[in-house]
Amino acid sequence: MLSIVVLVSGSGSNLRALLEACDNPLYPAKILAVGADSAAAGLEHAEEFGVPTFVVSEGNFDSREAWAERVLEHIRFLKPELVVLAGFMKILPEAFVEALSPGLINLHPSLLPDFPGANAVRDALAAGANKTGSTIHLVDKGVDTGPVISQRELEILPGETQAELHERIKVIERKHLVDVVKQIAVQEIKLEEIAR
Ligand code: GAR
């Protein structure tokens, strides 16, 4: 059983998909806790499923490094095998990434290396791209630059708004995340090999 900590900043629809998957006794992973950098709406999903939550707000710390160190303390206490960033919108310092690698993965709403950063859906539309998708990648010290684990494509429809496109990407992302976490759990995907 793969043990996971999920970090969120937003509505947590991808977290919810993972919570629902983990609720099935045949699914080979378990969420130990869900962390957030603010009172994110997504934490409610964890509470509904009886999964413990923790919040560490960056504003309460003198530096990003001190904030990340506190997040890391929570994670070290829980000892998960995998940490999943599911809509966690903070850039993590190198020491945090090094402490958890290769067991730290991120979900991103574009086909990386295209459109990294916090506004991937807006940027894909602004660039006139005709396809985008979902990427799950290892986190490294850059912003959305780590080795790609898996990608799923989606055609961009003419006249589609940013909200419409993001919602269609999220539908793909939810299944993608559940599938990839399962593949990691059963060692069909080996993160140490992708990290090499
Ligand atoms: C997802 O689309 C995820 O890929 C994106 O935030 C959304 C979270 O949705 N992450 C990033 O943009 C990271 N750069 P959710 O809160 O409904 O799961």
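In each ligand, atom 1 is the first atom listed, and ligand 1 is the first ligand listed.
For K175, the salt bridge (Lys or Arg N to Asp or Glu O under 4.0 Å) partners at least two apart in sequence or on another chain are D179.
Listed by first and then second residue, the side chain to side chain donor-acceptor pair (under 3.5 Å) pairs involving residues 100-113 are N106-H137, N106-D144, H108-S110, H108-D144 (not counting sequence neighbours).
The backbone N or O of Q151 sits nowhere less than 3.5 Å from a side-chain atom of T135 that would complete a donor-acceptor pair. Looking only at distances, no side-chain donor or acceptor of E20 sits under 3.5 Å from a matching main-chain atom of A17.
In terms of protein heavy atoms, atom 14 (N) of ligand 1 is closest to H108 ND1, 3.2 Å. Annotation: atom 3 (C) of ligand 1 to nearest protein heavy atom, E173 OE2, 3.5 Å. In terms of protein heavy-atom proximity, atom 10 (N) of ligand 1 is nearest to L107 O, 3.6 Å. Looking from atom 5 (C) of ligand 1 to the surrounding protein, the closest heavy atom is P109 CD, 3.8 Å. The single protein non-hydrogen atom nearest to atom 13 (C) of ligand 1 is M89 SD, 3.7 Å, given as residue, atom name and distance. Of all protein heavy atoms, the one closest to atom 17 (O) of ligand 1 is S13 OG, 2.6 Å.
Scanning all heavy atoms of the two residues, the minimum distance from S63 to A66 falls at OG-N, 3.0 Å.
Taking every heavy atom of H166 and a limit of under 4.0 angstrom, the matching atoms of ligand 1 come to 1 (C), 2 (O), 7 (C). Counting atoms of ligand 1 from 1 in the listed order, those under 4.0 Å from a heavy atom of G87 are 6 (O), 8 (C), 10 (N). Heavy-atom contacts of S11 reach the following atoms of ligand 1: 15 (P), 16 (O), 17 (O) (cutoff under 4.0 Å). Against a heavy-atom cut-off of under 4.0 Å, K170 is close to the following atoms of ligand 1: 2 (O), 9 (O), 15 (P), 17 (O).
For ligand 1, one of its N or O atoms has an N or O atom of N14 under 3.5 Å away. Any N or O atom pair closer than 3.5 Å counts here, and G12 shares at least one such pair with ligand 1.
A salt bridge links K90 with E58: the distance from a Lys NZ or Arg NE/NH1/NH2 to an Asp or Glu carboxylate oxygen falls below 4.0 Å. With salt bridges taken as basic N to acidic carboxylate O contacts below 4.0 Å, one links E48 and R16. A salt bridge between E164 and R168 is absent, with no side-chain N of the basic residue lying under 4.0 Å from a carboxylate O of the acidic one.
Judged by the shortest distance from any of its heavy atoms, G117 lies inside the 4.0 Å radius around the atoms of ligand 1. Between G42 and ligand 1 there is no heavy-atom distance shorter than 4.0 Å.
Linking ILVMFWY residues whenever their side-chain heavy atoms come closer than 4.5 Å, directly or via other members, places V178 and V181 in the same cluster.
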